Number of protein chains: 2
Amino acid sequence: MSADQPTVLLVEDEPAQREVLSYNLEAEGFRVACADNGEDALLLVEEEQPDVIVLDWMMPNLSGIEVCRRLKMRSQTRSVPIIMLSARSEEVDRVRGLETGADDYVVKPYSIVELMARVRAQLRRARPAAAGLRLEFDDIVLDAETHRVTRAGAPLKLGPTEFRLLSTFMEKPGRVWSRDQLLDRVWGRDIYVDTRTVDVHIGRLRKALTAHGGADPLRTVRGTGYALG
Amino acid sequence: MSADQPTVLLVEDEPAQREVLSYNLEAEGFRVACADNGEDALLLVEEEQPDVIVLDWMMPNLSGIEVCRRLKMRSQTRSVPIIMLSARSEEVDRVRGLETGADDYVVKPYSIVELMARVRAQLRRARPAAAGLRLEFDDIVLDAETHRVTRAGAPLKLGPTEFRLLSTFMEKPGRVWSRDQLLDRVWGRDIYVDTRTVDVHIGRLRKALTAHGGADPLRTVRGTGYALG
DNA sequence: TCAAACTGTAACACTCTTGTCACAAAAGCA
DNA sequence: TGCTTTTGTGACAAGAGTGTTACAGTTTGA
């Protein structure tokens, strides 16, 4: 999360592999945090707030794919890119890896050079972090740090998806987002979700925003998508 | 480049592969342009202005990687995402593919589902760049980002087709568009609709533009088409 | 472990948009 | 002026897009 030196969280149960990767990542100029199991990985994500995660598939107890799934579920960690590492080369797994939300998938044996290139690629693509932001629109106030939203001073109760959806809208009030763009930003890449799901969550967000009165601030742009204001 | 139906340029020298991909891409709702060699690919990029390119690595004469390199060099085509397709699974190539500028890299044999997901992902990412212009003519203001149109400050209510029609006119005020040209730009390339439909929508656009007063800014060029101003 | 909360999908009703037709109006042309 | 061609427009049925609810499957948090 550091501004100048990106942090990589490396999750790999085999010590030898871990050594090699850690050494090389540091040589590339990254800060490296290591975990040798899924549970520690989940804890370290909170603690270190890494910019990218390199995650081994096969691990005792909590598997890499399970860790990935959990991370992509929580709104705080959803946007952290994950590179999945695996010895399985069958297509089924590759698809499953991506479906779970992994941003990239590397098959063992891989080359260090390639893996480094992919880490750099993910970092390049990662969004500028919107931490500690306080967004306002009309009488709606969203505090990214405390994860709280109020309207006319009254606190609103939003689910994780609704929160991310509203954040997106409030970052650029007035801008029209297509359903696909919203899926990309709010749900994450490579996730197979029906576009109609967006409609449903828009409906839920609307209900939450107008729960204590006030006009519906969301605008439907027929044939295109939605916008705030 | 069409407003609603994204165009995919498919470059693959093997007919069977091309068939399968083309079929699936069309089933996904994309327009598909095909090329079976690198030279044609470069020409078609100009002609079709695709939203994403699926590019086979191995081709006679001009290889995929060479095509990729050239496209990523020109400023006009640099932003078009490229998905590289290859049977080579060796690390060296994968790295080379990504470093040459390919935005994604899929190894054969791949699954159709996975490839489609990747195409969609690239499209989602690429879209936002296109938006964001603000067009003005007389007292009419059209904002592409917010999808709003005002005349003398008053908001106008336009349907999707009317909006696209007006955008087209406002991009080049004064220019006369034939009905066929308008059908091409507003409706899409290969959709069959009667040219008289244009007349009807022009009428609707006129009604919307003059709803709150003001002169009709659209000019009928008898025997030819229509123009703004 | 259990209850509450959240998510994605399907289904249905409803609104808005769209393409076409028919006919009226206007414009060219001799 | 008559006649033909082109354009304008109201009506309408079909279709697409959207709002909403219900529900099953999960996850979360106590």
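Quick caveat: nothing in here was measured; it's all calculated off a predicted structure.
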With sequence neighbours left out, write down each residue that passes side-chain contact (heavy atoms from CB on, under 4.5 Å) with A/Leu43, or none if nothing qualifies. none
Enumerate donor-acceptor pairs with a distance under 3.5 Å from any side-chain N or O in residues 18-25 of chain B to protein atoms, sequence neighbours excluded.
{"residue": "B/Arg18", "atom": "NH1", "partner": "B/Glu12", "partner atom": "O", "Å": "3.0"}
{"residue": "B/Asn24", "atom": "ND2", "partner": "B/Val20", "partner atom": "O", "Å": "2.9"}

ring-ring contact (aromatic ring centres under 6.0 Å, His included) involving B/Phe163 - partner list, sequence neighbours excluded: B/His147
Interatomic distance where CG belongs to B/Leu209 and P belongs to D/dT9 [whole Å]: 13 Å
Do NZ/NE/NH1/NH2 and the carboxylate oxygens of B/Arg31 and B/Asp51 come within less than 4.0 Å? no
Euclidean distance, atom CD1 of residue A/Ile202 to atom P of D/dT18 [Å, nearest integer]: 11 Å
Calculate the interatomic distance between B/Asp199 atom CG and C/dA24 atom P; express it in whole Å. 18 Å
Which is true for A/Gly223 with a 4.0 Å heavy-atom rule: it touches a base, it touches only sugar-phosphate, or it touches nothing? sugar-phosphate
Quick note, side chain to side chain donor-acceptor pair (under 3.5 Å) partners involving residues 148-163 of chain B, not counting sequence neighbours, are B/Asp139-B/Arg151
Would you kindly give the CG-to-P distance between A/Asp180 and D/dG17, to the nearest whole Å? 13 Å
Whole angstrom value for the distance that separates C1' of D/dG19 from CZ of A/Arg179: 11 Å
Among all residues two or more places apart in sequence or in another chain, which pass the side-chain contact (heavy atoms from CB on, under 4.5 Å) test with B/Arg222? none
Rounded to whole Å, CZ of B/Arg206 lies from C1' of D/dG8 at a distance of 8 Å
A/Leu42 CG to D/dT28 P: how many Å, rounded? 10 Å
Contact list for residues 210-219 of chain A, test side chain to side chain donor-acceptor pair (under 3.5 Å), sequence neighbours left out: A/Arg206-A/Asp216
Looking at every strand, decide which applies to A/Val198 at a 4.0 Å heavy-atom threshold: base, sugar-phosphate, or nothing. nothing
Angle by which the axis turns from one end of the helix from C/dT1-D/dA30 to C/dA30-D/dT1 to the other, five pairs per end, to 10 degrees: 40°
Can you tell me if A/Tyr226 touches the phosphate of D/dG19, counting only side-chain N or O atoms and a distance under 4.0 Å to OP1 or OP2? yes
Are B/Arg175 and B/Trp177 in a cation-pi contact, defined as NZ or CZ under 6.0 Å from the six-membered ring centre and within 45° of the axis? yes
Give the rounded distance in Å between these two atoms: CG of A/Leu165 and C1' of C/dG8. 14 Å
Under 4.0 Å protein heavy-atom contacts per nucleotide of nucleotides 13-23 of chain C, with B for base, S for backbone only and - for none: --BBSBBBB--
Salt bridge (charged side-chain N to carboxylate O under 4.0 Å, His left out) partners of A/Lys172, counting only residues at least two apart: B/Glu145
